[in-house]
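Sequence lines set the chain letters: A, B, ... in the order given, protein chains first and strands last, and positions in each chain run from 1.
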Amino acid sequence: MIGPILFSVFAVAAIAGALGMLFSKNPVSSALWLILTLFCVAGLYLTLNATFIAVVQVLVYAGAIMVLFLFVIMLLNLAELPRLQTGDGKRFLGYVGACGIFAALMITTSSALGVLPEPVSVGVAAETGSALNLATLLFTQYALPFEVIGILLLVATIGAVMLAKRRFV
Amino acid sequence: MEITINWYLSLSAILFVIGVLGVLFRRNVIVILMSVELMLNAVNLTLVTFSQSMGDAAGQILVFFVMSVAAAEAAVGLAIVIAIFRNKLTVDVTQINLFRY
């Protein structure tokens with residue numbers, strides 16, 4: 001009985017955070033709303049019994065990435081910008097496109113209604129999402145992609161330092 | 001009432017569309033980057049949902065890699081924002097039109 005309640009609370013809070021990010025004027029409050037959404041997504045991972053990914057979500061997203069965003073916002077001396085872009089024709093086109101994407105996603109979701117196989121039991125799911133199982137896969141079957149991701153992060157760090165340091169005339 | 005995986009997929013669709021709206025309608029480059037992060041999160045939620053409901057951990061390995069790529073993207077994107085801000089003193093995408101003409 002606790003499952004549906006937890007899901008509803010996290011889902012409503014996640015959508016509220018996303019809308020707050022979309023509509024708040026100040027970039028700092030946008031970032032704080034997004035942190036609420038990221039925490040709620042971590043909670044949703046917990047309701048799915050994906051414990052390892054939930055912890056990584058809090059550490060990497062809510063911890064590292066959002067601190068980086070907040071740091072850059074504070075670093076730049078930002079003027080207040082108008083909240084949303086103007087331009088009527090383009091704006092209407094944007095709404096139509098977003099509604100189209102939403103409709104396509106919902107049609108796909110509803111067409112999956114009877115087709116998908118039955119979910120596995122809670123015990124199996126908890127074992128699937130455990131750190132032990134994921135680490136075993138990560139260091140055996142997916143060892144090469146894991147190393148390549150390390151190289152990617154190194155290159156991104158070097159590139160970020162170079163871009164932020166150099167003065168483009 | 002049972003929460004099936006369709007609920008998670010619908011929530012993911014809603015979050016993704018909010019991210020799309022943010023990319024289309026906001027003017028601040030930093031908020032646009034945050035919207036991209038939101039879209040990546042929506043996709044991650046879908047991957048974890050399918051992975052957990054089928055008992056196959058490969059989807060969560062992919063989520064791990066998506067998170068790493070998102071971190072790299074945020075670092076490089078924000079460095080580019082800082083470099084642009086040094087030259088033009090703005091983060092308004094309607095003002096950053098160097099390649100337009």
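Considering every non-hydrogen atom in both B:Met34 and A:Ala31, the closest pair reads SD-CA, 3.5 Å. When all heavy atoms are compared, the tightest approach of B:Leu15 to A:Ala18 is CD2-CB, 3.9 Å. Nearest approach of A:Val56 to B:Met67, heavy atoms of both residues: CG1-SD, 3.4 Å. The two residues B:Ser68 and A:Leu153 have their closest heavy-atom pair at O-CD2, 3.7 Å. Taking each heavy atom of A:Tyr45 and B:Asn41 in turn, the nearest pair found is OH-O, 4.1 Å. Between A:Gly129 and B:Gln60, the shortest heavy-atom contact is CA-OE1, 3.7 Å.
At a 4.5 Å heavy-atom cutoff, the contact between B:Ile80 and chain A is made by backbone and side-chain atoms alike. Using a 4.5 Å cut-off between heavy atoms, B:Val76 touches chain A through backbone and side chain atoms alike. Neither the backbone nor the side chain of B:Ala42 comes within contact range of chain A; no heavy atoms are under 4.5 Å apart.
More than 12 non-hydrogen atoms from other residues, nucleotides or ligands lie less than 6.0 angstrom from CD of B:Glu73.
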Next on the checklist: ring pair (Phe, Tyr, Trp, His ring centres under 6.0 Å), that's the test. Do B:Phe25 and A:Tyr95 meet it? Break it down for me.
Outcome noted: CA-CA 9 Å; B:Phe25 291 138; A:Tyr95 277 123; 4.8 Å; yes

Checklist entry - Could you walk me through whether B:Leu40 and A:Tyr61 pass the side chain to side chain contact (heavy atoms under 4.5 Å, CB included) check? => result CA-CA 11 Å; B:Leu40 285 168; A:Tyr61 268 113; 3.9 Å; yes

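Chosen from A:Val124, A:Leu152, A:Leu34, the residue pairing most often with chain B at heavy-atom distances under 4.5 Å is A:Leu34. With chain B as partner, the option from A:Leu48, A:Ile149, A:Leu105, A:Thr109 having the largest number of non-hydrogen pairs under 4.5 angstrom is A:Leu48. Each of B:Thr46, B:Val20, B:Leu21 has some count of heavy-atom pairs under 4.5 Å with chain A, and the biggest count is that of B:Leu21.
Between the B:Gln52 side chain and the A:Asn49 main chain, a donor and an acceptor come within less than 3.5 Å of each other.
By the 4.5 Å heavy-atom criterion applied to side chains, B:Leu11 and A:Phe10 are not counted as neighbours.
Using the six-membered ring where Trp is involved, A:Phe7 and B:Tyr8 have ring planes that are perpendicular, over 60° apart on the 30 and 60° scheme.
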